[in-house]
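Heads up, the thing below is written out as structure tokens.
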Amino acid sequence: MEAALNNLISPMILAFGLGVLAGIFRSDLEIPDSVAKGLSIYLMLAIGLKGGAGLAETPSVLEAVPGLIAALLLSFFMPFIAFALLKLMSGLKAVDRAAVAAHYGSVSVVTFATGAEFLRSLGVDSEGYVVAMLALMETPAIVTGLLLARWAAEEAAAGEKARGRLIEPDVLREVLLNGSIVLLVGGFLIGWATGPAGLEAVGPLFIDPFQGVLCLFLLDMGLLVARRFAGFQVLRPPLIAFGLIMPVIGAALGLATGLLLGLSVGGVTLVMVLAASASYIAVPAAMRMALPQADPSVYVSLSLGVTFPFNIIVGVPIYYWLANRLAGA
Amino acid sequence: MQTHPKKKVEVIVEIALAKRLQETIEALGAKGYSVIPNLRGKGKWGKRANTGVFGVFENVMIVVITGEETAHKILQAVRELTEGGIGIAYISDVEVMREERF
């Protein structure tokens, strides 16, 4: 309970709130695009480096393998649940449901970073390879989303097989080599290869200022959330309910996965955060290319406007509390 | 100074479609183009402002100077690419100095 309150008054969450307020009251404050992109490059490389250095400290790399497989499976199968749930709850078109589902199978790096900082503030450790799980969870959901959209289209066309590739080459490149994956995986490998000594060498840049940079980034996120309010008209109550229920379902799956893998309390918490989070950078970009007929204001508003704030404000402390109850000694 | 008539095509599209369009423009025979990123403004699809990290709602303008025939083909390509979604494209007359470059 106290941890939850501490989370609410952490500088990061307050910076997010400041951004929301500034946006609502139409302040002229803005983080320039190139600065925001620079901040996200920093965050992703820092997360990758820390995770890799963490893995270098574990006695056997093989320990990570079940976790990595679990990450791929979670990302690939969660969209099916989201797709079915949306069918029950909302009147969205099939193609929009497929696009939204892809977002909820994939992950949010900033939600992860917020969760990791929350744990750090409590002095809770986690397994380094959870970062590799993060990188692996970005993309399988996109494939599932495209599959769901194709099956729905074939059904609508009375079983006639859809023509063309499921994934065009330019979409595939975007999906596999987008900047965040390159940075997360690249940083992870650098951190792994150079170990704790390497991390210490770059620590003054990549560790110490991390929380401050995250504040700036969350300030920008707050502004974006508030300024997207125009797009929130598409958010009818059933959709908002979905945006709150789906992360809880994801977190439950993450909890089960973390417990099965035998992770530490911190590791279980972070896997819950990963499974609960929804993408709002990588997946929207891929969906605009691959499923242009799906409405971006639906999926961006849901993942950015509902699920992201829910996760960073209430989700993270609850997930930690549950993980602590069930995985704690 | 001697000038030569050419056509200028200006296209506003979502950044997600820009790469495909750039490839098409080259394939249709234009010798070059410029891309102006991060457009701001307002229109049928709402406001476009600072997009922050996610480029989903970012529009770009692609400017091409080329011959008349290619210019019309580019317009057609834009129509096929955007399929009734975001997309503004128009042709105007311009005069260039070095004809062989366009």
Exercise. Take atom NZ in Lys8(B); do more than 12 heavy atoms of anything else shown fall under 6.0 Å from it?
Worked result: no
Exercise. Which atoms form the tightest heavy-atom contact between Ala16(B) and Ala285(A), and what is the distance?
Worked result: CB-O, 4.5 Å
Exercise. Between Arg40(B) and Glu30(A), does at least one N-O distance fall below 4.0 Å, as a salt bridge requires?
Worked result: yes
For this session: Examine whether an atom of Val171(A) lies under 4.5 Å from a heavy atom of chain B, and if so say whether it belongs to the side chain, the backbone or both; otherwise answer neither.
Result: side chain
Problem set entry | Glu168(A) atom CD, neighbour heavy-atom count above 12 within 6.0 Å | yes
For this session: Side chain from CB out, backbone as N, CA, C, O: work out which of these in Pro292(A) comes under 4.5 Å of a heavy atom of chain B, or both, or neither.
Result: neither
Problem set entry | Side-chain heavy atoms of Arg20(B) within contact of Met289(A), under 4.5 Å | yes
